[in-house]
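Every chain is numbered from 1 and lettered A, B, ... according to where its sequence line falls, protein lines coming before strand lines.
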Amino acid sequence: MTSIAPAIKLQDVKKRFGSLDVLCGVNLEVEPGGVVCVIGPSGSGKSTLLRCVAYLEDDFEGEIYLEGELLGRTLRNGRLEQAGGSALRKVQMKVGMVFQNFNLWPHKTVIGNIIEALILVKKMSRKEAEVVGDQLLTKVGLSDKRKEYPSRLSGGQQQRVAIARALAMRPQIMLFDEVTSALDAELVDEVLHVMKQLAEEGMTMLVVTHELGFAARVADRIVFMDQGVIVEEGSPETILKNPSKPRTREFLSLVSHEKF
Amino acid sequence: MYDWNFNVIWDYRMVYLKGASITMQLSLLAVLFSMSLGLFVGIARQSKRHFLSFPASCYVEIFRDTPLLIQIVWIFYCLPILLGITLTAFWASTVALSLHMSAYVAEIFRAGIASVDKGHVDAARILGLNYFQIMTRIILPQAIRRMLPPLVNNFADILKLSALASVIGVYELLHSVDNVIMNNFRPLEMYSVLAMVYFILIFPVAFFARRAEIYLAHRI
């Protein structure tokens, strides 16, 4: 029997900032097309975990495999070390990431934000890039905003543009880092709707979120993290309704106001 | 009561005109050189690599923490003796003014670059842009908007500081006027008009800086 390699596999990922251990050996797998939601209190290392997967953090320990291929490491003198600039950029192109604060470039229009990397990195012509950009804007329901600057958009719209920008590079996996946390309550749904649509299309997703309702509906698996380790993981049903660990129960009783 | 006589000024209009022309040449060259050098020093100072950031920091501190007057004199009188490099008074002042002001320009660039949201850089990195692309396409276009007002103010400072070149005999505005006063003994009229000429040169620059600040404040 042949097994399919996980879309992404994290093996013993550790990260410290100075004397503070933020990640203390995290192992995690996401199946191709799977959606894994990471929940946990703030400071538990969820965002750092995503930043390590995206290689936005330097000098973390452990290995990250994308479809079975070890990423961002080179063998030097018999030891695995972090790869240099261009090798890392190749990794980063395979991974799409959406941030809590959108991080759209304010000096570029909506379409300009989306096509920048297509032109500079994928070497597309402006025309080709705009075709891709327009398709994605239609997908996230913002084709009428293509010439606006980000400051003229609502938070929800900005986040949808950020999702379109990440998708433009055709990543193998999408990372979402608390993408609705900076949004007003009434704007959360439009972003979650786009994410749900992506999940249904079979995009592999690793989602750090406080939206337990979204996690319950969309995730294949929920991972609960605290103090740099995975405390518990399982189906949404198990984690949200019958968590086995007291720490998970304590966290859920503090944050959940809705029934799943 | 002092008997003002501004009629004499008209006879020396060419002195003011020529002096202003030298002042402008000196200042514009200093702006050009200090902007280019300041950009590199500013970027180097931001670098995580110690062998770039340390010399850049030393440079900024040395040139900001010593008087420009001393730098002008040092370059004019000491360089020929120490290194055998002889510069004309004009070029010695241009070099000194450029080196001095580039330390300030470097700080403006460093602060401008540091003011750009780190998240914008993360977003660019994850999309695969390299360092040069991130600097030229994402950071500098945003930073320059914030740097424009202080840079224009810097230009106004350069115009004023260029008067120091008079100590080594560059015939810029101040020195040209000093020279005339020794002949016509009309220092009050000559210096008053001199101040007005500086004002005419600098006011539009300062005015533009303020307008740019207001305009850009609405756009960022």
**Request:** Please say whether more than 12 non-hydrogen atoms of neighbouring residues, nucleotides or ligands are located less than 6.0 Å from CZ in F208(B).
**Result:** no
**Prompt:** Taking I138(B), L129(B), D117(B) one by one, which has the highest count of heavy-atom pairs under 4.5 Å against chain A?
**Reply:** I138(B)
**Request:** Heavy-atom distances under 4.5 Å only: say whether E116(A) touches chain B with side chain, backbone, both or neither.
**Result:** side chain
**Request:** Answer yes or no: does atom NZ of K196(A) have more than 12 heavy-atom neighbours from other residues, nucleotides or ligands under 6.0 Å?
**Result:** no
**Item:** Short side-chain to backbone donor-acceptor contact, R125(B) and Y55(A), under 3.5 Å
**Value:** yes
**Asked** More than 12 foreign heavy atoms under 6.0 Å from CZ of R64(B): is that the case here?
**Response** yes
**Request:** Kindly check if the number of other-residue, nucleotide or ligand heavy atoms within 6.0 Å of NE2 (H210(A)) is above 12?
**Result:** yes
**Request:** Return yes when atom CZ of R13(B) has more than 12 non-hydrogen atoms of other residues, nucleotides or ligands closer than 6.0 Å, and no otherwise.
**Result:** yes
**Message:** I'd like to check L120(A) versus R137(B) (side-chain heavy atoms, cut-off strictly below 4.5 Å). Are they in contact?
**Reply:** yes
**Prompt:** Which bit of K108(A) comes within less than 4.5 Å of chain B, counting heavy atoms only: side chain, backbone, both or neither?
**Reply:** side chain
**Item:** Non-hydrogen side-chain atoms of D122(B) and R51(A) separated by less than 4.5 Å
**Value:** yes
**Asked** Would you say the side chain of H120(B) lies within less than 4.5 Å of the side chain of P106(A), judging by non-hydrogen atoms?
**Response** yes
**Prompt:** Does atom NZ of K127(A) have more than 12 heavy-atom neighbours, drawn from other residues, nucleotides or ligands, at distances under 6.0 Å?
**Reply:** no
**Request:** Report, as yes or no, whether the 6.0 Å neighbourhood of atom OH on Y191(B) holds more than 12 heavy atoms from other residues, nucleotides or ligands.
**Result:** yes
**Complete:** Assert top hit (heavy-atom pairs under 4.5 Å, partner chain B, pool L175(A), L104(A), L118(A)) equals L104(A)
**Asked** What closest approach, in Å, do A54(A) and I126(B) show between heavy atoms, and which atom pair accounts for it?
**Response** CB-CD1, 3.3 Å
**Request:** Give the minimum heavy-atom separation between L127(B) and M169(A), together with the two atoms involved.
**Result:** O-CE, 3.3 Å
